[in-house]
Amino acid sequence: MSAETKLILTPALSPSKLSLLSLIAAYCAVLLPSRQNPPLLATIVEFINLVSSKDQQDNGDSNRVIILPTLDDLLLHLSNAIKQHSIYKLKLSKDLILKDIELIESVLLNSLWSIENLDDLHEFITKSKSLLIEDNSRNRKKLYLSSNKNSKILTKSSFLGKFVNNIIISFEYLEFDKTMYLWKSFKEYRLNCNKNFTERILESQSYDNKIEKLILSTLPNQQYKPDLLIISQIDLSNLLDYQIHLLEAYGTPTPPNLTKILSLMTQLESGTLPSIYYIKYLECLKNGDYEASFENLHRYFDYMMSNKQKILYHYALLSLATLHASFGSDEEAIRSIEEAILVARENKDLNCLNYLLTWVFNFIKDKPHLSLANSTNTDNSSNSMDFEGDYSDNIKILNFLKIKTKEHKNYQLQSIYYQFKAFQQIVDGDDLNKILENLLLSNYLSLNYGNMSISNNESDEFLTTFIKNCQLQSSLWLRLGELPLSEVYLDIALDLCSLKHNIFEEVSIMIRKSYLEFYKKNYEKSFKIINSLESKVLNNNNALFKIWESRRLVLIIRYYLITDNDRKNFVNCNLILNKLKRQVEDLNDLELKMEVQSLEKMSDRLGS
């Protein structure tokens, strides 16, 4: 995309969608080898959803997102899918595989190049109506008969049927100027194909193609860069939603092509999607820009509220609380979350209310100095209940979570409840049997109901809970001096993090692994592990870097205090300790602050 690229938004149309429509029409007309239907349909679905299935597990890789697919992208994906299916499933020879690929490519390219003008495009869309049938009892016999003939019919309620129907309706209601832009963009899309493919098709065409040949002959070997970009609002909305998921779960940067589209969106007079502002908010939050984060978050929810989305108000307050907490504004975070709890109760959004209470507990457990003046009510009949920020706060919140998550069968939050309860018991030095019982219940809920989850997002939440549970168990066994058991749980958590590609959890686990090696007196290996994380944290947000740097300094100080009594090194140790104390003030990590206090005591004792 060049700086002069013009962006046009349509309801559901783009040049790449016309290619998919051609493939679907060829599939329904049984023009393609039926043995290649599985890879053909899989590729069509991938390009409709714009998310590649090359990795079955969502691992936070932005390369799985198919942004602005070209004709070459479609042909390459199709070719690779056919090769994989033919080699591993059908056991076909190389000649048969190449023959199938060439046939499918020829059918698609001939179909696209047979559209010579705008009238042909209109006729092509109109004829696509014959691919559809209403899904009712009267048409079921017709549908059954079509499946046994040399043609196929799609119901409007099917996945492919919905796609074809959206294309037809979108084209029929498209404004004239956008129709002209679509035609121009389609011709550019067609020319932006592999030169050998295009030459072969032009040579085989029966109509007068002197103009197309002249254009093709002037093209350099590199790809032609169109100055017109047409993308459907459905595709853009799906891309933005998926990028929000990547940013929230993994911190994955926005791909350059999508960033360019977002910048072009600012030129439009209408059609701006609110998700754009939320992506900008997440990126600014990651980069530590408070003012820009606040502005974009405000614009996002201001737009949503103006469109009568008032049900989102408590989620806006939750995001605002997270923003304040990320920048150390604890009192503002508490005020925002208290209001969010009140609004969630008024809207009777119990799932959100449970989540908010989980957020509160997770937030205040490292900040005993904070207080909740107007927090939520554990009794359905009354409207308020005061918290004073002491130990009883956690007990009341935990009891409320236990009751409500069981009532509404929210197993993910129920798992978090048992995890938090075990954490509280570890802090209080409670009975080991009770701690292990709660950890076992949390593990059971995460593993059992996580595997039963239908959606990937819900399954990810269970997996994240289980990873945190493994870290908590590793910490417990480390406190008890059972280093092998501690290492086992860390290895399990690390394997799962590699599967999810969660950089935050991965860094946290590797830091724990470094500490474990330190306690085993493998000092060289310990520092090698923690130093290997430097490149990862430098490329991520500032908060993660501060956590890593603080933990690294703790190890350095401990090493000096334990292994070296040299006066010069002792002075250096105190200098590092003073630097660490300044860093820890900005971090919300109670365990780290207590460790710094412990190091101070050790330093004072050795100094005296």
Side-chain angles (χ1 to χ4, degrees), residues 57-60 249-251 358-359 361-362 365-366 398 401 405 410-427 430 432-453 456-520 522 525-526 529-530 532-533 536-537 544 547-548 551 589-592 595:
Q57 186 74 23
D58 179 9
N59 62 0
Y250 313 108
T358 306
W359 190 98
F361 183 87
N362 201 30
K365 68 182 174 63
D366 290 331
L398 282 173
L401 279 175
T405 52
N410 190 327
Y411 297 112
Q412 198 260 332
L413 280 176
Q414 202 171 334
S415 175
I416 291 174
Y417 156 74
Y418 286 116
Q419 185 184 115
F420 280 172
K421 188 174 181 181
F423 173 83
Q424 190 68 53
Q425 289 171 334
I426 291 172
V427 171
D430 211 330
L432 181 61
N433 289 330
K434 293 180 180 179
I435 296 172
L436 293 176
E437 181 183 350
N438 286 310
L439 288 173
L440 180 63
L441 286 169
S442 179
N443 280 339
Y444 173 79
L445 292 168
S446 297
L447 294 173
N448 191 46
Y449 292 100
N451 291 330
M452 294 168 59
S453 300
N456 288 332
N457 288 342
E458 189 178 355
S459 181
D460 279 351
E461 289 172 358
F462 275 108
L463 188 57
T464 300
T465 304
F466 181 69
I467 290 172
K468 289 184 180 296
N469 216 29
C470 287
Q471 292 184 67
L472 183 59
Q473 290 181 84
S474 174
S475 179
L476 171 65
W477 291 117
L478 183 62
R479 287 187 178 206
L480 295 173
E482 298 291 342
L483 301 188
L485 270 176
S486 178
E487 190 169 12
V488 166
Y489 281 105
L490 276 185
D491 288 338
I492 293 172
L494 191 59
D495 288 342
L496 293 174
C497 271
S498 300
L499 191 66
K500 278 175 59 63
H501 197 71
N502 189 323
I503 183 67
F504 306 104
E505 296 293 347
E506 188 177 341
V507 168
S508 173
I509 293 167
M510 290 300 290
I511 289 174
R512 289 179 183 274
K513 203 166 183 64
S514 175
Y515 270 59
L516 184 62
E517 293 299 330
F518 189 90
Y519 290 130
K520 290 163 67 175
N522 297 330
K525 188 175 181 180
S526 173
I529 291 172
I530 201 164
S532 68
L533 300 172
K536 288 186 178 181
V537 297
L544 191 60
I547 292 171
W548 169 80
R551 290 293 184 179
D589 192 332
L590 184 61
E591 183 182 353
L592 183 58
E595 194 157 7

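Scope of the values below: all heavy atoms of this structure, side chains included, with no hydrogens, waters or symmetry mates. Numbers here are sequence positions counted from 1.
- Looking at residues two or more places apart in sequence or on another chain, you find no salt bridge (charged side-chain N to carboxylate O under 4.0 Å, His left out) involving Arg512.
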*After noting the C-alpha distance and the side-chain angles of Thr465 and Leu445, does the key distance pass the side chain to side chain contact (heavy atoms under 4.5 Å, CB included) rule?*
CA-CA 10 Å; Thr465 304; Leu445 292 168; over 6 Å; no

Tabulate below the donor-acceptor pairs under 3.5 Å that side-chain atoms of residues 484-494 make, not counting sequence neighbours, or state none.
{"residue": "Ser486", "atom": "OG", "partner": "Ser474", "partner atom": "O", "Å": "2.9"}
{"residue": "Ser486", "atom": "OG", "partner": "Ser474", "partner atom": "OG", "Å": "2.8"}
{"residue": "Glu487", "atom": "OE1", "partner": "Lys520", "partner atom": "NZ", "Å": "3.2"}
{"residue": "Tyr489", "atom": "OH", "partner": "Gln473", "partner atom": "OE1", "Å": "3.3"}
{"residue": "Asp491", "atom": "OD1", "partner": "Lys513", "partner atom": "NZ", "Å": "2.6"}

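- Atom CD1 of Ile509 is separated from atom CG of Leu516 by 13.0 Å, given to the nearest 0.5 angstrom.
- To the nearest 0.5 Å, atom OH of residue Tyr519 and atom CG of residue Leu478 are 6.0 Å apart.
- For the residue pair Gln419 and Leu472, the shortest heavy atom distance occurs at O-CD2, 3.6 Å.
- Using a 4.5 Å cut-off on side-chain heavy atoms (C-beta onward), Met510 and Arg551 make no contact.
- Across all their heavy atoms, Cys497 and Glu506 have their closest contact at SG-N, 3.8 Å.
- Using a 4.5 Å cut-off on side-chain heavy atoms (C-beta onward), Leu476 and Leu432 make contact.
- Atom-to-atom distance recorded for Leu447:CG and Leu463:CG is 9.0 Å, nearest 0.5 angstrom.
- Atom CG of residue Leu533 and atom CD1 of residue Ile511 lie 6.5 Å apart, to the nearest 0.5 angstrom.
- Considering every non-hydrogen atom in both Trp548 and Ile530, the closest pair reads NE1-O, 2.7 Å.
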Can you give me every donor-acceptor pair (side chain of residues 433-442, partner residue at least two apart or in another chain, under 3.5 Å) with its distance?
{"residue": "Asn438", "atom": "ND2", "partner": "Gln425", "partner atom": "OE1", "Å": "2.9"}
{"residue": "Asn438", "atom": "ND2", "partner": "Lys434", "partner atom": "O", "Å": "3.1"}
{"residue": "Ser442", "atom": "OG", "partner": "Ser415", "partner atom": "O", "Å": "2.9"}
{"residue": "Ser442", "atom": "OG", "partner": "Ser415", "partner atom": "OG", "Å": "3.1"}
{"residue": "Ser442", "atom": "OG", "partner": "Asn469", "partner atom": "ND2", "Å": "3.4"}

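- Not a single donor-acceptor pair under 3.5 Å links the side chain of Ser446 to the backbone N or O of Asn443.
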